[in-house]
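Working notes for the structure below.
Note on naming: letters A, B, ... go to the chains in the order of the sequence lines (proteins, then strands), and numbering restarts at 1 for each one.
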There are 2 protein chains.
Amino acid sequence: MNVMNDSPRRKELTRQAAQLFVQEGFDRTTVRMLAQEMGIKSGSLFHHFRDKQEILAAVIEEGTENALGIARAALDDCDSDPGSRLHAMARAHLETLLTDRNAHVVALYEWRRLDAPARSHLSHLRDAYEALWEEVIDEALAAGLIRGDRFLVSRFVMGALNWTVRWYDPDGERTPDELARELVAMLTHPAD
Amino acid sequence: MNVMNDSPRRKELTRQAAQLFVQEGFDRTTVRMLAQEMGIKSGSLFHHFRDKQEILAAVIEEGTENALGIARAALDDCDSDPGSRLHAMARAHLETLLTDRNAHVVALYEWRRLDAPARSHLSHLRDAYEALWEEVIDEALAAGLIRGDRFLVSRFVMGALNWTVRWYDPDGERTPDELARELVAMLTHPAD
DNA sequence: CATTTACACTAGCGCTTGCTTGGTTGACCC
DNA sequence: GGGTCAACCAAGCAAGCGCTAGTGTAAATG
């Protein structure tokens, strides 16, 4: 057990682990399965990760950091009116499902398998992502674009969005852009 | 391994199993832990259930049947206008979280641990529940109360609703009725 | 009274689990 | 050309896993 840095090798192993975690679930995925997928022996795995838990944490960390980066970039690039910003966030969220679906599914379904220290570290990352959403929702509320309780609206929206991993097919007919547009249309109350 | 009927004893055991599955997750819950929680020895467990999988199936089956019953009753008892029906469904959904939260959490998080036969049987039950929602949403769409694509709207609504198990505290300040009202308000576009 | 049924028990088989140990390899460096 | 270091391997340990076999017993049933 030597290193736990973020070498490129470790990044690649993390990506492969995410795939297996989605297919089998964290608990059912054995270190032997992980090693085989990675093309190494099970003992070698512990050169890159302290233990199995750390592999899970690495998967979730990378996925969340990625989503955060994409969302921030989307907000920087879009128009400044609340509607555009709402749409940009929804679109960014759906686009991460194209490139990073596995990590997102793992983050949603296997969060509770994290031990306490990892959970506390990663919840800060997740909070940062949700804070972006709440900011955008606040702006939309202030502009009268949507209405309702600040807290409840963001929970409902996060729910609708996170649920997309269950049914959205990125290779299907609907683009993230179209889908984001539909979601915003459902929520907003334009002054006809 | 004698019986697999639905005796009252088995119902109680199922309820206790749901509790443990939520706390630990299905895979981490051992038959020995289940037996201890039930106050029997691990071998005795297999008198009531064929195997561990069947316990999971029993938990999900009971929870879904319950939700279906409550939703149907709510629809029978409410006014016939689309807004009332939407509200009745949302309220029924949240009310099941008061009495049956464990089973619902298990159904959401451990669905993929079901083997193929159980999954096929239970998905019919779940489809029946979702069909109720789609019916009510269709009525609301037809009445112009909400708008958007039939398929997408129901996915978004189901997402927002199912996500409530993550944050809703039935012992907290907000009643299911209030919460349902907020959700409907967020979705609907009344002709001001 | 005899039999069945429902429920519980003890004991343990066969296997898999996460992880450790002690070592080898080959590329790079001064 | 000796030293360093990440990367990998073979072997295996201790613990725990789902589940089975066979038995005991008290209440219900004929």
[X] side-chain N/O to [Y] backbone N/O, donor-acceptor pair under 3.5 Å:
| X | Y | value |
| --- | --- | --- |
| A:His121 | A:Pro117 | no |
| B:Ser84 | B:Ser80 | no |
| A:Lys52 | A:Phe26 | yes |

Give a yes/no on whether any side-chain N or O of [X] is located under 4.0 angstrom from OP1 or OP2 of [N].
| X | N | answer |
| --- | --- | --- |
| A:Ser44 | D:dC9 | yes |
| A:His47 | D:dA7 | yes |
| A:Arg9 | D:dC8 | yes |
| B:His48 | C:dA6 | no |

Rounded distance (Å) that lies between atom [atom2] of [N] and atom [atom1] of [X]:
| X | N | atom1 | atom2 | result |
| --- | --- | --- | --- | --- |
| B:Met33 | D:dC17 | CE | P | 8 Å |
| B:Leu45 | C:dC7 | CG | C1' | 12 Å |
| B:Ile40 | C:dC7 | CD1 | P | 10 Å |
| B:Leu13 | C:dC7 | CG | P | 9 Å |

Discussion item. Mind checking if B:Lys41 touches a base, just sugar-phosphate, or nothing, with heavy atoms under 4.0 Å?
Written reply: base
Item to complete: Please work out if B:Thr30 contacts a base, only the sugar-phosphate, or nothing of the nucleic acid, heavy-atom cut-off 4.0 Å.
Response: sugar-phosphate
Residue [X], side-chain heavy atoms: nucleotide from [options] that is nearest:
| X | options | answer |
| --- | --- | --- |
| B:Lys52 | C:dC19, D:dC8, D:dC19 | D:dC19 |
| A:Val31 | D:dC8, C:dA8, C:dC19 | C:dC19 |
| A:Phe46 | C:dC19, D:dG18, C:dC7 | C:dC19 |

Fill in: Position toward the 5' end of DNA chain C (nearest nucleotide), B:Gly39 or A:Arg32
B:Gly39
Donor-acceptor pairs are to be reported for all side-chain atoms of residues 151-163 of chain A against protein atoms at under 3.5 Å, with residues two or more places apart or in another chain.
| from | atom 1 | to | atom 2 | distance (Å) |
| --- | --- | --- | --- | --- |
| A:Ser154 | OG | A:Arg150 | O | 3.0 |
| A:Ser154 | OG | A:Phe151 | O | 3.1 |
| A:Asn162 | ND2 | A:Met158 | O | 3.1 |

Fill in: Taking every non-hydrogen atom, the tightest pair across B:Arg101 and B:Leu97
CB-O, 3.2 Å
